[in-house]
Amino acid sequence: MKPIPFFDHRLMHDDISHELKRAFANFLSGDMLILGDQVAAFEKEFSTYQSCAYAAGVNSGLDAMILALKALNIGHGDEVIVPANTYIASWNAIHLVGAVPVPAEPDADTMNITTENIRPKINTRTKAILPVHLYGLPCTMYEIMKLAAEHGLFVIEDNAQAVGASVDGKKTGSWGHINAASFYPTKNLGALGDGGIVTSDDALLMASVRSLRNYGSARRYISHEIGLNSRLDELQAAFLRIKLQKLDQWIAERKQIAAAYQDGLKDIAEITLPVVDQNHTYHLFVIRSKERDALADHLIKHQISTLVHYPIPPHLQEAYRFLNFTSGAFPVTESIARTCLSLPLYYGFSRVEEVVEGIRAFYK
């Protein structure tokens with residue numbers, strides 16, 4: 001049997017290779033390499049896609065979150081409520097601006113943060129809520145925004161895994177006061193390198209982001225604040241403009257693949273399937289099994305690659321020992337970490353039946 005990789009970008013890129021090569025040729029013949037016409041055009045097109053007033057391309061999804069937090073003047077002594085169950089970048093951004101990540105448990109079914117678990121974490125030091133649309137499934141943004149308004153809190157969406165998703169017809173990444181997304185190559189909208197973006201309807205916040213991403217300079221060589229060097233690459237912007245036109249088509253295909261997984265695995269009592277939601281964009285298709293490690297070993301023996309997103313929650317990482325969390329502090333999050341397994345899913349993937357049969361063979 002031919003190996004099944006967890007992710008393969010080649011089919012996607014083969015379909016648009018002529019456009020990508022033309023964009024690269026235009027880049028080579030041009031004279032703007034940093035913050036040029038391609039970045040400006042992509043920012044405009046992405047903000048239109050998101051139905052946001054403004055967008056600013058940056059170096060990565062992590063930088064996007066850092067700049068969003070800095071634009072809100074969140075820093076030392078402030079607390080930001082964040083999911084306990086998330087990729088560590090969400091916590092890192094908060095820590096790197098000097099604030100404190102305050103974890104809240106997710107819902108056991110959606111694996112996303114909820115207002116029920118956010119509310120008890122709010123105190124006088126709380127400045128913001130940072131919901132993460134994990135695996136491509138949107139959080140309950142209407143309820144989160146309402147709760148934030150009640151307490152005068154900012155909301156920063158971590159939209160790294162859910163670009164293209166919607167809640168009640170409104171795109172994720174357009175609900176919060178200011179929001180961050182990633183264009184890491186494996187994302188639904190991925191660059192051919194790294195990249196990220198900040199979105200908002202607030203002109204002043206975005207003016208701050210544009211300054212902060214460029215050494216704190218709104219005008220060349222004049223710095224009114226201490227900023228970063230975090231600019232979306234001009235070439236990556238050109239590639240992303242091409243990919244953005246295909247995004248909805250690619251998401252529709254991901255949903256079809258996910259539906260095939262749901263149908264093929266629905267009668268296996270030993271595994272828990274993702275929540276079925278029409279708004280899910282399936283950046284990842286994550287099942288849960290008490291025999292996760294044995295199942296993964298079985299599949300790799302049959303040349304089917306899987307990944308675990310994520311095996312160690314942030315609160316148990318060595319990097320965050322100083323917060324003094326111990327095993328058992330967040331039981332739902334820890335249970336997800338012990339049992340979750342991501343199955344192959346990407347544009348052009350046509351081997352769902354083989355993966356399903358591999359899983360069924362394990363449970364037989």
Side-chain angles (χ1 to χ4, degrees), residues 1-15 85-88 108-111 133-137 160-162 164-165 182 184-190 192 243 246-247 249-277 280-313 333-364:
M1 176 174 127
K2 183 179 178 183
I4 298 177
F6 178 75
F7 178 77
D8 188 344
H9 61 79
R10 289 172 294 184
L11 292 171
M12 172 188 292
H13 293 158
D14 285 348
D15 279 359
N85 180 47
T86 184
Y87 184 51
I88 200 167
D109 295 324
T110 67
M111 297 183 277
H133 306 297
L134 201 63
Y135 309 144
L137 177 64
Q161 299 187 12
S182 166
Y184 186 75
T186 58
K187 297 295 192 289
N188 290 9
L189 179 61
L192 275 72
K243 287 188 161 192
K246 300 278 189 178
L247 180 58
Q249 172 192 329
W250 291 342
I251 289 174
E253 179 169 327
R254 298 182 86 92
K255 290 182 177 183
Q256 291 175 353
I257 296 168
Y261 271 135
Q262 291 276 3
D263 186 59
L265 299 171
K266 63 186 177 184
D267 61 341
I268 302 178
E270 293 88 349
I271 64 175
T272 301
L273 295 172
V275 169
V276 176
D277 188 309
H280 205 316
T281 59
Y282 296 100
H283 165 57
L284 296 170
F285 190 91
V286 180
I287 65 172
R288 295 180 62 190
S289 168
K290 292 180 179 179
E291 301 172 285
R292 187 267 311 283
D293 293 341
L295 173 58
D297 288 344
H298 166 83
L299 292 173
I300 201 63
K301 287 175 183 176
H302 290 79
Q303 302 188 74
I304 300 170
S305 296
T306 59
L307 284 178
V308 175
H309 297 86
Y310 302 97
I312 304 175
T333 293
E334 292 170 34
S335 173
I336 292 170
R338 288 192 301 269
T339 59
C340 64
L341 186 67
S342 302
L343 304 183
L345 194 164
Y346 45 87
Y347 174 75
F349 184 63
S350 60
R351 303 177 69 183
V352 171
E353 290 185 8
E354 294 173 62
V355 179
V356 167
E357 286 306 310
I359 295 171
R360 298 183 74 85
F362 174 79
Y363 287 105
K364 286 178 183 176

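Hydrogens, waters and symmetry mates play no part in the numbers below; they use all other heavy atoms, side chains included.
A distance of 7.5 Å separates CD1 of I359 from CD1 of I304, quoted to the nearest 0.5 Å. Atom CG of L345 is separated from atom CD of E253 by 9.0 Å, given to the nearest 0.5 angstrom. To the nearest 0.5 Å, the span separating CG on L11 from OG on S350 amounts to 8.0 Å.
Of the possible polar contacts, none joining the Y346 side chain to the T186 backbone as a donor-acceptor pair under 3.5 Å is found. Side-chain atoms of E270 never come within 3.5 Å of backbone atoms of S289 as a donor-acceptor pair (strictly under, hydrogens ignored). Looking only at distances, no side-chain donor or acceptor of K255 sits under 3.5 Å from a matching main-chain atom of Y282. Although no hydrogens or angles enter the test, the distance criterion places no donor-acceptor pair under 3.5 Å between the side chain of D277 and the main chain of L137.
Every salt bridge (charged side-chain N to carboxylate O under 4.0 Å, His left out) that K266 has, sequence neighbours left out, goes to D263. Legend: residues meeting salt bridge (charged side-chain N to carboxylate O under 4.0 Å, His left out) with D267, ordered by chain and number and at least two apart, are R360. Listed by chain and number, the residues in a salt bridge (charged side-chain N to carboxylate O under 4.0 Å, His left out) with R10 are D8 (sequence neighbours excluded). When the side-chain hydrogen bond (donor to acceptor under 3.5 Å, both in side chains) test is applied to Y184, no partner is found at least two apart in sequence or on another chain. In this structure, the side-chain hydrogen bond (donor to acceptor under 3.5 Å, both in side chains) partners of T86, at least two apart in sequence or on a different chain, are S90.
Applying the salt bridge (Lys or Arg N to Asp or Glu O under 4.0 Å) test to pairs two or more places apart or on separate chains, none has a residue in residues 283-294.
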